[in-house]
Amino acid sequence: MSLTRRQFLQQTAATATLSALPLTAQNQHPGSQPGTPAPGSLKSVSRNLPVGCCVAARILRTDAAYTALVKQQASILVAETEMKFGPLRPTPTTFFFDDADYLAHFAQSNNMLLRGHNFVWHRQLPSWFATYVTPANAQQVLVNHINTVAGRYKGRIHSWDVVNEAIQVSDNLPGGLRNSPWQKVLPGYIDIAFRTARRADPHALLTYNDYGIEAEDEASAKKRAAVLALVRGMQERNVPIDAVGIQSHLTAGPNHTYAAVPGQLAGGGEGPALAKFMADIQSLGLKIMLTEMDVNDRDLPADIPTRDRAVADLYASYLHTTLANPAVVALLTWGITDKYTWLNHEGARKDSLPERCLPFDADLKPTPAFFAELNALQGK
Ligand code: G3I
C-alpha cells in the first residue's frame, strides 16, 4: 500500500498545515481535558485501538513540547527503560521506583493506558546480577522481583511484557531459546515468570514480546516458528499467556522484504508469512500487540524526501498487513519523535545523519510516516 505521488505531496502539504499551529494551541483546543484527543491526532482516529509510544521520564520532566506531543497523540504508553530490571534494582535488596512511579502517574493523570516492560530480559541487568544470582537463589530473585513490581502497579497496567526476547535460534538451544543470563541460572524461568505475574496482577494481559519476526526471510521464518512453538508449549503446560508482542523494528530499503509474493519463501506461503504467523497466533486465542514500531532508514540515501517516502511506504504496507488481523489490540511506536530515537545510538546511519524513523521529526513536526500511520489507523 505505497503512497501515490499525489497522496505523498498532499500529505506533505498537510504536514505544513498541521505543524503550522504551535503545538500548545493544537493541544489546547476547546474541551481539551486530559485524554480528549486533539483533532487529527493518532488517538482521535483510533478510538478502538490504543495507539501510542514509549516514553522516558527524564524527557517528560524536561521537554514541555515533547510532553505536549505525547499527550496530544497517545492513548497508551510504555516505559522505554524505567520498568526494566536494572533501573528498578540498584541492589539485590532494594528497589528504585521514582521514575516508574512518575510514568505511571503521568499515564493515569492523562487518561492513558500503560504497558509494563519488562520483567525478564537478557539486557539492562544490574551489575550485581552476574555475581549475586545463582541457580540456588534465581527463582527467589525472579519471583520476588515480579511480585514486588507487578504488585505495586496492580490494576494499573494494560499488559506486561513478562518475558522479552527469549528466542535466539543461533544459540542452538532446544526450542531456539536464547542462552541468556536467566536461562543459565533458571532454565524454567519463562513458565515461572508468567505464572508469578498472573498471581501478582490478574488484570494485566501477560505478553511474550520479541523482534526479528516481521520480515519475509528465512531467519525471521525460523524465529517465528520458534516463537509459535514456545507459546503453544506454554499453553499445553497451562502457563497463563494472553498475548504476543511483535516489536516491529523494521528497516527500509531493497534488502528488507516485509510482504512476500506467495511462493517466494521456501515452502510457498499464503501471502505474507507474517500475516500467516499472526493468524496462527490468533488461532491459539491470543491477542497481538505491535509494541515497538519504528523504521530504520540507514540503508537509504541521505536525501530526506527519498527517505521519508520509503519510510512512510513501509509504515503504510506493514500496518496494512498487520492491522488487518482483528487480534491486534495495541499499536505503539518506539518513541514518538526522531529527536530521541534509540536508532541514533544503536543501528545508526553510516553517514551519521540523524534517523528519520518515527511519526514526528526532531523538530516535532509530523512526517509522512505520521500520515501513513494515521491513514492505516483509519483503514485507508
Ligand atoms: O540511565 C543511564 C545514565 O545514568 C547513564 O549516564 C547512561 C550512560 O551510561 O546510561 C543510561 O542508561 C541507558 C538507558 O538506555 C537510559 O537512557 C543505558 O545505558 C542504555 O543501554 C539504555 O538503552 C535502552 C535499551 O533498550 C536497553 O535498555 C534504549 O534506550 C531503549 O530504546 C532500548 O529499547 C529496547 C527495548 O527495551 C526492547 N526491544 C529493543 C529495544 C531497542 O534496543
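Just follow the structure's listing: the first ligand is 1, and inside any ligand the first atom is 1. Heavy-atom basis, side chains included; hydrogens, waters and symmetry copies ignored.
Counting protein heavy atoms under 4.0 angstrom from atom 37 (O) of ligand 1 gives one or more. For atom 25 (C) of ligand 1, a protein heavy-atom neighbour is found at a distance under 4.0 Å. Within a 4.0 Å radius of atom 43 (O) of ligand 1, the protein contributes one or more non-hydrogen atoms. Of the protein's heavy atoms, at least one falls inside 4.0 Å of atom 22 (C) of ligand 1. Within a 4.0 Å radius of atom 3 (C) of ligand 1, the protein has no heavy atom. Distance remark: protein heavy atom not present below 4.0 angstrom from atom 9 (O) of ligand 1.
Remark: the backbone N or O of Ala316 is not paired with any side-chain donor or acceptor of Asn375 at under 3.5 angstrom. In this structure, the side chain of Arg224 engages the main chain of Ile213 through a donor-acceptor pair within 3.5 Å.
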**Trp160/Phe194 under ring-ring contact (aromatic ring centres under 6.0 Å, His included): CA gap, chis, key distance, verdict** = CA-CA 10 Å; Trp160 268 110; Phe194 276 85; over 10 Å; no

As a quick check of understanding, evaluate side chain to side chain contact (heavy atoms under 4.5 Å, CB included) for Tyr208 and Val227, giving each step before the final call. CA-CA 9 Å; Tyr208 173 75; Val227 170; 4.1 Å; yes

Query raised in the report: When you look at Glu346 and Arg123, which way does the salt bridge (Lys or Arg N to Asp or Glu O under 4.0 Å) test go after all the steps?
Result: CA-CA 14 Å; Glu346 291 184 48; Arg123 288 183 59 190; 3.0 Å; yes

Carefully, step by step, assess Tyr318 and Ser248 under the rule side-chain hydrogen bond (donor to acceptor under 3.5 Å, both in side chains). CA-CA 9 Å; Tyr318 182 80; Ser248 309; 2.7 Å; yes

Start with the C-alpha distance between Glu292 and Asn209, add both sets of side-chain angles, then the distance that settles side-chain hydrogen bond (donor to acceptor under 3.5 Å, both in side chains), and finish with yes or no.
CA-CA 10 Å; Glu292 309 183 13; Asn209 191 47; 3.0 Å; yes

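Below 4.0 Å from some heavy atom of His117 lie the following atoms of ligand 1, by number and element: 36 (C), 37 (O), 38 (C). Residue Glu165 has at least one heavy-atom neighbour below 4.0 Å for each of these atoms of ligand 1: 38 (C), 39 (N), 40 (C).
Summarising the geometry of Gly347 relative to Arg298, their closest heavy-atom pair is CA-NH1, 3.2 Å, with the distance given to 0.1 Å.
Remark: among candidates Glu82, Glu80, His249, Glu292, the nearest residue to atom 39 (N) of ligand 1 is Glu292, based on non-hydrogen atoms. Summarising the contacts of atom 33 (C) of ligand 1 with His345, Lys84, Arg58, the nearest heavy atom is found in Lys84. Summarising the contacts of atom 28 (O) of ligand 1 with Gln247, Arg123, Gln124, the nearest heavy atom is found in Gln124.
Remark: the Thr341 side chain and the Asn344 side chain contain no N/O donor-acceptor pair separated by less than 3.5 Å.
Under a hydrophobic-cluster definition in which Ile, Leu, Val, Met, Phe, Trp and Tyr are linked whenever side-chain heavy atoms come within less than 4.5 Å, directly or via other members, Phe85 and Ile146 are assigned to the same cluster.
For ligand 1, none of its N or O atoms has an N or O atom of Trp342 under 3.5 Å away. Where the criterion is an N or O separation shorter than 3.5 Å, residue side chain and backbone included, Asn164 fails it with respect to ligand 1. In terms of N/O distances under 3.5 Å, ligand 1 is not approached by Thr81.
Scanning the protein heavy atoms around atom 34 (O) of ligand 1, the nearest turns out to be Trp334 NE1, 3.2 Å.
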